[in-house]
2 protein chains.
Amino acid sequence: MDTSGRTPANVPGPAAEAAAGPVDVGGNGPKAARGRIRGGGRASASMADVARLAGVSSQTVSRVSNGYAGVNEETRRQVLAAMKELGYRPNSAARALKRGEFRTIGVITFSLSTTGNVRTLEAIANSAAHEGYAVTLLPVAVPTQDEVRGAFSRLEELAVDAVIVIMEVHLLDAATVTLPPHVQVVVVDSDAGDRYTVVDTDQAGGSRAAVHHLLGLGHRTVWHLGGPEGSFAAQRRAHAWRAALAEAGRLAPRLVRGDWSAESGYRVGLELATEPDCTAVFAANDQMALGLLRALHERGRRVPEDVSVIGFDDIAEASSFLPPLTTLHQDFAEVGRLCVEAVLRKMRQDGPERGTTIVPTRLVVRASTGPPPGGGGGGS
Amino acid sequence: MDTSGRTPANVPGPAAEAAAGPVDVGGNGPKAARGRIRGGGRASASMADVARLAGVSSQTVSRVSNGYAGVNEETRRQVLAAMKELGYRPNSAARALKRGEFRTIGVITFSLSTTGNVRTLEAIANSAAHEGYAVTLLPVAVPTQDEVRGAFSRLEELAVDAVIVIMEVHLLDAATVTLPPHVQVVVVDSDAGDRYTVVDTDQAGGSRAAVHHLLGLGHRTVWHLGGPEGSFAAQRRAHAWRAALAEAGRLAPRLVRGDWSAESGYRVGLELATEPDCTAVFAANDQMALGLLRALHERGRRVPEDVSVIGFDDIAEASSFLPPLTTLHQDFAEVGRLCVEAVLRKMRQDGPERGTTIVPTRLVVRASTGPPPGGGGGGS
DNA sequence: CCATCGGATGTTTACGTAAACATAACAGCA
DNA sequence: TGCTGTTATGTTTACGTAAACATCCGATGG
């Protein structure tokens with residue numbers, strides 16, 4: 001762990017601490033070591049090297065390298081041969097410096113512990129690759145503002161043209177500080193569409209669908225196992241749940257919360273199992289639903305005969321739960337794709353272009369939901 | 001942690017308070033956009049700009065920026081003030097060009113669909129960040145050699161100093177082709193320790209522990225629900241399973257396979273449920289174990305009364321399965337950390353340094369395993 | 001009192017690429 | 001034949017940074 005400490009070379013940073021004498025950047029002592037350049041081994045050949053071997057100017061090599069027209073076929077062949085012989089690879093740092101762009105997108109995410117973030121990240125990486133962009137990952141270990149600020153701070157000097165934030169934006173707000181002016185930002189999971197470009201799943205629509213599904217089966221009302229307070233997604237799901245019940249003229253039970261984890265779903269589930277009038281639960285994500293299923297099972301409440309459970313996300317395992325979970329499918333791939341699309345569009349047009357893009361959910365009915373115990377009517 | 005200390009060094013960290021305002025940034029309207037140069041809008045200021053404003057040479061700015069000693073306190077203050085005013089950020093492309101390193105690690109991974117890969121990636125990203133390195137993600141959509149080759153091809157011109165491959169190495173072999181000579185590679189999940197530096201979980205030890213656990217409970221033998229043929233991890237788990245049984249003088253049942261997914265575990269499980277003498281199953285990962293549990297449940301075989309099930313990975317949800325799953329805990333965080341450590345060490349020492357580092361597993365006993373139906377003896 | 005030293009700062013140069021601006025060779029055409 | 005327009009290629013320059021080298025200055029000491 002501590003290894004970092006020993007490497008002043010690392011980031012000369014600590015200097016600030018003190019005009020006092022840190023540093024001397026010491027690590028550098030063995031200066032040769034640093035620059036993997038023409039040290040002991042060989043360095044990657046440069047255009048000049050290729051040019052020399054091919055007997056042309058480096059500009060011609062550049063033209064070949066970038067596929068410009070206007071190079072004699074014969075010459076091109078020679079250059080290509082020389083490139084191959086030397087194992088030439090364009091130096092992306094020099095290229096980025098010259099062109100002023102890195103062809104890289106930074107993704108800031110608060111841990112990869114939730115399926116949604118991971119799926120989204122995956123889709124972002126794929127879409128980006130497809131567009132010729134690389135993705136640089138910026139994990140934020142702890143979602144404190146300090147941490148986020150730190151991530152952004154690092155980001156500032158990072159080689160990225162744009163940033164996608166998979167995180168609640170309120171953390172972002174206080175930390176956004178000094179992003180380089182030309183870097184565009186797109187946010188997932190937020191209601192800050194007025195200030196940023198936001199791409200998100202239709203949390204409200206999905207939640208409403210969950211409630212309607214359960215009410216439609218005859219349940220008198222629906223309990224909600226919500227996500228943590230800090231999460232906008234959780235907040236909106238809870239809000240829509242309440243609203244849908246209100247619209248239907250039902251009384252909303254008190255809100256209970258987990259932290260997205262199966263474990264928390266289990267804890268809350270033990271509690272819910274003792275509520276005699278609890279016949280239908282809408283869990284804010286599938287993992288909590290899993291814990292809930294376990295708790296209900298342990299307490300002898302059958303699903304769906306005694307209690308119906310519906311989740312949110314449709315993670316791959318949901319169909320293998322006991323019983324297979326009815327849930328709302330989120331199209332994370334689409335969310336990721338749209339993020340990349342949006343951020344590239346912003347970059348290219350340089351338009352501010354705020355606003356929120358919503359990706360719909362889809363109700364997937366499996367075996368965890370059914371009519372309430374009393375039968376169709378529920379008893380209202 | 002230490003991060004806080006380090007930030008201010010490079011830059012006037014807290015700068016922005018005032019300059020803040022995420023601001024539209026859009027000012028760039030004119031097509032100057034691309035070059036983000038000093039066109040209509042503002043560009044990120046360069047050292048020269050800062051130098052001019054502070055009335056010093058750009059070299060002095062460089063010294064301040066990198067925290068060199070030997071800068072008069074007064075001068076330093078002026079430079080920092082100028083940096084702050086202009087919102088100066090070092091240009092990482094220029095820096096990389098000059099220094100010959102990017103401070104970035106590339107991670108090639110075949111999809112993020114398995115928990116293990118994701119957890120490892122996360123740990124890598126965290127460790128790398130801690131060392132002042134960024135992580136660039138290279139997803140390989142389909143694990144064909146063409147795809148892998150493509151990823152590596154992109155990688156060749158990518159701005160990375162080293163590469164970590166989370167993937168079976170046999171795909172790598174045919175594709176590794178032309179990695180830039182100075183780029184170091186570390187591989188996860190492989191037996192190619194003779195050719196690469198490999199970090200991996202103790203697949204064999206874990207599998208052996210699983211078998212011993214079940215035999216110790218009195219089962220006559222242990223079935224194995226293996227992973228896909230292409231995977232080295234699956235291969236080694238299966239191999240160790242067979243070996244452990246052999247050592248104990250037991251007959252190994254035929255090997256059945258899934259593809260890591262819960263769904264496949266379910267399919268195979270339906271089949272296993274019909275085997276009358278199947279009282280204990282070692283699933284090669286937790287997800288398949290989940291599907292297996294469902295299949296057994298549906299077929300009326302109780303776990304652990306009729307059949308014991310043990311998994312591998314200890315994913316977060318395993319403790320919430322029905323019943324909570326006995327499994328082998330993999331320390332992915334440690335794997336990731338070691339990967340980063342190894343790759344950085346290789347980079348710095350420029351030593352080939354092959355060999356395999358093994359991270360031990362830990363048996364986590366929960367409720368899915370117990371004595372066989374007949375009682376302790378099993379009936380041998 | 002001058003030679004020397006070392007701290008503080010400035011100047012030159014190179015990193016590898018690619019845009020912008022030359023130049024050269026040659027074909028077409030009046 | 002001489003002018004013009006292409007096509008193929010070379011030369012110059014700049015991107016932002018930082019190492020290497022150069023300079024300046026006050027202080028120290030013989």
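Letters A, B, ... mirror the listed sequences (proteins, then strands); counts begin at 1.
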Asker: Looking only at side-chain N and O atoms, does N66(B) come under 4.0 Å of OP1 or OP2 in dA18(D)?
Answerer: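 True: N66(B) side-chain N/O within range (under 4.0 Å) of dA18(D) OP1/OP2.
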
Asker: Between the axis at one end of the helix from dC1(C)-dG30(D) to dA30(C)-dT1(D) and the axis at the other (five pairs apiece), what's the angle to 10 degrees?
Answerer: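 Both end axes considered, the difference amounts to 60°.
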
Asker: Once rounded to the nearest 0.5 Å, what's the spacing between atom CD1 of I105(A) and atom CG of D161(A)?
Answerer: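 Between I105(A) CD1 and D161(A) CG, I get 8.0 Å after rounding to 0.5 Å.
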
Asker: Is there a side-chain contact between M347(B) and L344(B) (heavy atoms, below 4.5 Å)?
Answerer: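 Of all side-chain heavy-atom pairs linking L344(B) with M347(B), at least one is under 4.5 Å.
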
Asker: Look at the side-chain N and O atoms of Y68(B) and state whether any lies under 4.0 Å from the OP1 or OP2 oxygen of dG7(C).
Answerer: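 Negative; the distance criterion is not met.
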
Asker: Side chains of T75(A) and R63(A): is there a donor and an acceptor less than 3.5 Å apart?
Answerer: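 Their side chains do not contain a donor-acceptor pair, so the 3.5 Å distance test is not met.
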
Asker: If only atom types and distance count, is the side chain of N66(A) paired as donor or acceptor with the main-chain N or O of Y68(A) below 3.5 Å?
Answerer: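 Such a contact is absent between N66(A) side chain and Y68(A) backbone.
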
Asker: Tell me which nucleotide among dT17(D), dA18(C), dC15(C) gets nearest to the side chain of S46(B).
Answerer: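 In terms of side-chain proximity for S46(B), the closest of dT17(D), dA18(C), dC15(C) is dT17(D).
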
Asker: How about R77(A) and L80(A): do any of their side-chain heavy atoms sit closer than 4.5 Å?
Answerer: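 No, too far: nothing below the 4.5 Å cut-off.
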
Asker: Which of these passes side chain to side chain contact (heavy atoms under 4.5 Å, CB included) with I124(A): V340(A), L137(A), L338(A), V343(A)?
Answerer: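 When side chain to side chain contact (heavy atoms under 4.5 Å, CB included) is applied between I124(A) and each of V340(A), L137(A), L338(A), V343(A), only V340(A) qualifies.
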
Asker: To the nearest 0.5 Å, tell me how far E122(B) CD sits from T109(A) OG1.
Answerer: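 Output value for this atom pair is 8.5 Å.
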
Asker: Between dG16(D), dA18(D), dT17(C), spot the one nearest the side chain of A94(A), thanks.
Answerer: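 My answer, after comparing the listed nucleotides, is dT17(C).
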
Asker: Across nucleotides 5-11 of chain D, 5' to 3', mark each nucleotide with B, S or - according to how protein heavy atoms within less than 4.0 Å reach it.
Answerer: ---SBBB

Asker: Taking only N and O in the side chain of R99(A), is any of them less than 4.0 Å away from OP1 or OP2 of dA18(C)?
Answerer: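 Looking at the OP1 and OP2 atoms of dA18(C), one of them is under 4.0 Å from a side-chain N or O of R99(A).
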
Asker: Any chance you could measure Q59(A), atom CD, to S65(A), atom OG, to the nearest 0.5 Å?
Answerer: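 Rounded to the nearest 0.5 Å, the CD-OG separation comes out at 10.5 Å.
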
